[in-house]
Amino acid sequence: MAHYRIATIEGDGIGPEVTRAAMAVLEEACGAGTLAFEMLEGGAGHYQKSGAVLPDDTFAGCRDADAILHGAAGLPGVVYPDGTEVGNDLHLRLRFRLDLYANVRPIKLLPGVLSPLRAFEGGGIDYVIVRENTEGLYASRGAGVVLRDEIASDSLVVTRKGTERVARFAFALAAKRSGAPRDGQSRVTVCDKANILRAYAFFRRVCDEVHADYPDIAIDYAYADAITVHMLKRPDFYDVIVAENMFGDIISDLGAATVGGMGISPSAEIGDRHALFQGAHGSAPDIAGQNLASPVATILSGAMMLRWLFDTRNDAGLAQAAGRIEDAVGAVLREGRAVPRDLGGSASCTEVAEAVRRALA
């Protein structure tokens, strides 16, 4: 395998712990010298020290790297004058400046993990939520208005370009998967509120137009309120779900809860030329520095990074390494070798990472 530069931002709270755990696993899977981790500053803690959440040299390192690995960002009370969190601004700035328009959240029940959905404890939850990442309601961030301390307003923005490219990403992803667990059907479900708001009706119409280029993929529709019920009662029906920014943000956390929680949920933010990978959880400052965090989400995000690098660099060894990591995590959890605390076990962050490394070896 070739040499790949990975821009690495540990960030805040548990970020350094889970990042180092993932780095150790990735090096074990890929072999020494395959991945070069370039450690960069950024996050709420760095903002407190320097006044910059994303320094110019960190952005340049991320822009020029082959991929970005991020731990977590955010600290209690570290906010801008308008009350918004500083930590969130790190990956938001990377998202918009690098045009990472597709937020990808796999929702998969891993071996050995108990789901609160008792009917699916034997498996049957395996879908992906693709969230449009650069517009929607969140495009109004920093631009909303508060009038006379009586009225506040933020605008929902949906464009043809933004919707078309995230829909195309979702259909292309469905074409590569094996279909929904229930029936094997490759399917994209469009999540919206097309019955209420014109912006969402437009979102649905553009998704319909993109569907015409993928005749072998079924299309399905669900209103954002209704899908929260369906994700609990029939999660095996879903294959790929595509949604506007805010709705995707909400339902992806719900999906994570059905498969064990945020501590084992990976995520990716992907554009045409750049991609960022991080666990879906926050910085959990209450347990930072205590070696209590689960590194599983960041480890699996690292595996997603290897698969993306394979797709963009055509390096088969990376795909093999990603599969080995996923199998090793599954074996560790299934056999109870090192179960993190958020899944009912007692293993520390380093113990989980070491168990996965041993499984790889």
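Residues take their numbers from the sequence shown, with the count starting at 1.
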Inset, instruction - Without swapping roles, check the side chain of Ser252 against the backbone of Asp249 for a donor-acceptor pair under 3.5 Å. - result: yes
Legend entry - Donor-acceptor under 3.5 Å (Arg105 side chain, Ile129 main chain): no
Legend entry - Test item: Ile9 and Cys62 side chains (from C-beta on) under 4.5 Å apart, heavy atoms: yes
Inset, instruction - Flag the pair Tyr127 / Thr189 as yes when at least one side-chain heavy-atom distance between them is below 4.5 Å, and no otherwise. - result: no
Legend entry - Leu54 side, atom CG; Asp89 side, atom CG - distance, nearest 0.5 Å: 8.5 Å
Legend entry - Short side-chain to backbone donor-acceptor contact, Ser115 and Val259, under 3.5 Å: no
Legend entry - Side-chain heavy-atom pair Ile299, Val332 within 4.5 angstrom cut-off: no
Legend entry - Side-chain (Ser294) to main-chain (Pro340) donor-acceptor, under 3.5 angstrom: no
Legend entry - Arg337 (side chain) donor-acceptor with Ala355 (main chain) under 3.5 angstrom: no
Inset, instruction - Answer yes if the ring centres of Phe96 and Tyr138 are under 6.0 angstrom apart, and no otherwise. - result: no
Inset, instruction - Measure the acute angle between the ring planes of His70 and His91, then classify it against the limits of 30° and 60° as parallel, tilted or perpendicular. - result: tilted
Legend entry - Side chain to side chain, Val18 and His281, heavy atoms closer than 4.5 Å: yes
Legend entry - Same cluster (ILVMFWY, side-chain, under 4.5 Å), Leu306 and Leu300: yes
Legend entry - Ser265 (side chain) donor-acceptor with Ala297 (main chain) under 3.5 angstrom: no
Inset, instruction - For the pair Arg358 and Glu28, find out whether any cationic side-chain nitrogen is under 4.0 Å from an anionic carboxylate oxygen. - result: no
Legend entry - Electrostatic pair Asp272:Arg165 at N-O distance under 4.0 angstrom: no
Inset, instruction - Indicate if Val206 and Val157 have the same hydrophobic cluster label, given that clusters are the connected sets of ILVMFWY residues with side-chain heavy-atom separations under 4.5 angstrom. - result: no
Legend entry - Path from Tyr214 to Val104 over hydrophobic side-chain contacts below 4.5 Å: yes
Inset, instruction - Would you check if the side chain of Arg187 reaches a backbone N or O of Phe237 as a donor-acceptor pair within less than 3.5 Å? - result: yes
Inset, instruction - Over all heavy atoms of both residues, which pair between Met23 and Thr8 is shortest? Give the atoms and the distance, please. - result: SD-CG2, 4.1 Å
Legend entry - Salt-bridge present (Glu326, Arg307; N to O < 4.0 Å): yes
Inset, instruction - Check whether any side-chain N or O of His211 sits under 3.5 Å from a backbone N or O of Ala218 as a donor-acceptor pair, and report yes or no. - result: no
Legend entry - Atom pair CG/CD of Asp315 and Gln320 - distance to nearest 0.5 Å: 9.0 Å
Legend entry - Test item: side-chain donor near acceptor, Tyr47 and Asp12, under 3.5 Å: no
Inset, instruction - Locate the shortest heavy-atom distance separating Leu40 from Ala7; write the atom from each residue and the value. - result: CD1-CB, 3.7 Å
Legend entry - Arg148/Glu150 ion pair, N-O < 4.0 Å: no
Legend entry - Verdict with supporting geometry, Ile227 and Tyr238, side-chain contact (heavy atoms from CB on, under 4.5 Å): CA-CA 10 Å; Ile227 204 171; Tyr238 294 109; 3.7 Å; yes
Inset, instruction - Using the rule that two of Ile, Leu, Val, Met, Phe, Trp, Tyr join whenever any of their side-chain heavy atoms come within less than 4.5 Å, decide whether Met304 and Val128 are in one cluster. - result: yes
Legend entry - Arg168 and Asp213 ion-paired at < 4.0 Å: yes
Legend entry - Closest approach of Ala21 to Ala353 (non-hydrogen atoms, all atoms of both residues): CB-CB, 3.7 Å
Inset, instruction - Take Arg20 and Glu10 through the test salt bridge (Lys or Arg N to Asp or Glu O under 4.0 Å) and record every step on the way to the result. - result: CA-CA 8 Å; Arg20 292 167 196 162; Glu10 294 181 336; 2.9 Å; yes
Legend entry - Asp208 and Tyr221: CA distance, side-chain angles, deciding distance, side-chain contact (heavy atoms from CB on, under 4.5 Å) verdict: CA-CA 10 Å; Asp208 276 336; Tyr221 311 96; 2.3 Å; yes
Legend entry - Gap between atom CD1 of Ile68 and atom CZ of Arg5 - 0.5 Å precision: 11.0 Å
Inset, instruction - Taking Arg334 for its side chain and Gly112 for its backbone only, find out whether a donor-acceptor pair lies under 3.5 Å. - result: no
Legend entry - Check: Thr134/Glu132 side-chain N/O donor and acceptor closer than 3.5 Å: yes
Legend entry - From Phe277 atom CZ to Trp308 atom CH2, the distance as rounded to the nearest 0.5 Å: 6.0 Å
Inset, instruction - Would you indicate whether the side-chain heavy atoms of His274 and Asp99 approach each other to under 4.5 Å? - result: no
Legend entry - CG (Asp286) with more than 12 external heavy atoms under 6.0 Å: yes
Inset, instruction - Flag the pair Phe120 / Thr258 as yes when at least one side-chain heavy-atom distance between them is below 4.5 Å, and no otherwise. - result: no
Legend entry - Check: Lys193 and Asp225 side chains under 4.5 Å, non-hydrogen atoms: yes
Inset, instruction - Can you measure from CG (Asp220) to CD (Gln185) and round to the nearest 0.5 angstrom? - result: 10.5 Å
Inset, instruction - Identify the heavy atoms of Ala293 and Cys349 that sit nearest to each other, and give their distance. - result: O-CB, 3.1 Å
Inset, instruction - Give a yes or no on whether a salt bridge exists between Asp192 and Arg204, defined as a side-chain N under 4.0 angstrom from a carboxylate O. - result: yes
Legend entry - Joint cluster assignment, Ile6 & Met39, ILVMFWY side-chain distance < 4.5 Å: yes
Inset, instruction - Please assess Leu254 against Leu232 for the test side-chain contact (heavy atoms from CB on, under 4.5 Å), listing each intermediate value before the final yes or no. - result: CA-CA 9 Å; Leu254 172 62; Leu232 299 182; 4.1 Å; yes
Inset, instruction - Provide the closest heavy-atom pair for Leu309 versus Ala67 in the form atom of the first, atom of the second, distance. - result: CD2-CB, 4.3 Å
Inset, instruction - Kindly indicate whether a cation-pi arrangement holds for Arg97 with Phe59, taking the cut-offs as under 6.0 Å to the six-membered ring centre and within 45° of the axis. - result: yes
Inset, instruction - Nearest 0.5 Å please: distance from the CD1 atom of Ile14 over to the OG atom of Ser283. - result: 7.0 Å
Legend entry - Close side-chain approach of Met305 to Leu26, heavy-atom, < 4.5 Å: yes
Inset, instruction - For Asn133 and Leu100, indicate whether the former's side chain and the latter's backbone hold a donor-acceptor pair under 3.5 Å. - result: yes
Legend entry - Minimal non-hydrogen separation, Ser186 against Ala174, with atom names: OG-O, 3.7 Å
Legend entry - Stepwise side-chain contact (heavy atoms from CB on, under 4.5 Å) test for Glu135 and Asn245: CA-CA 7 Å; Glu135 48 186 52; Asn245 208 336; 5.9 Å; no
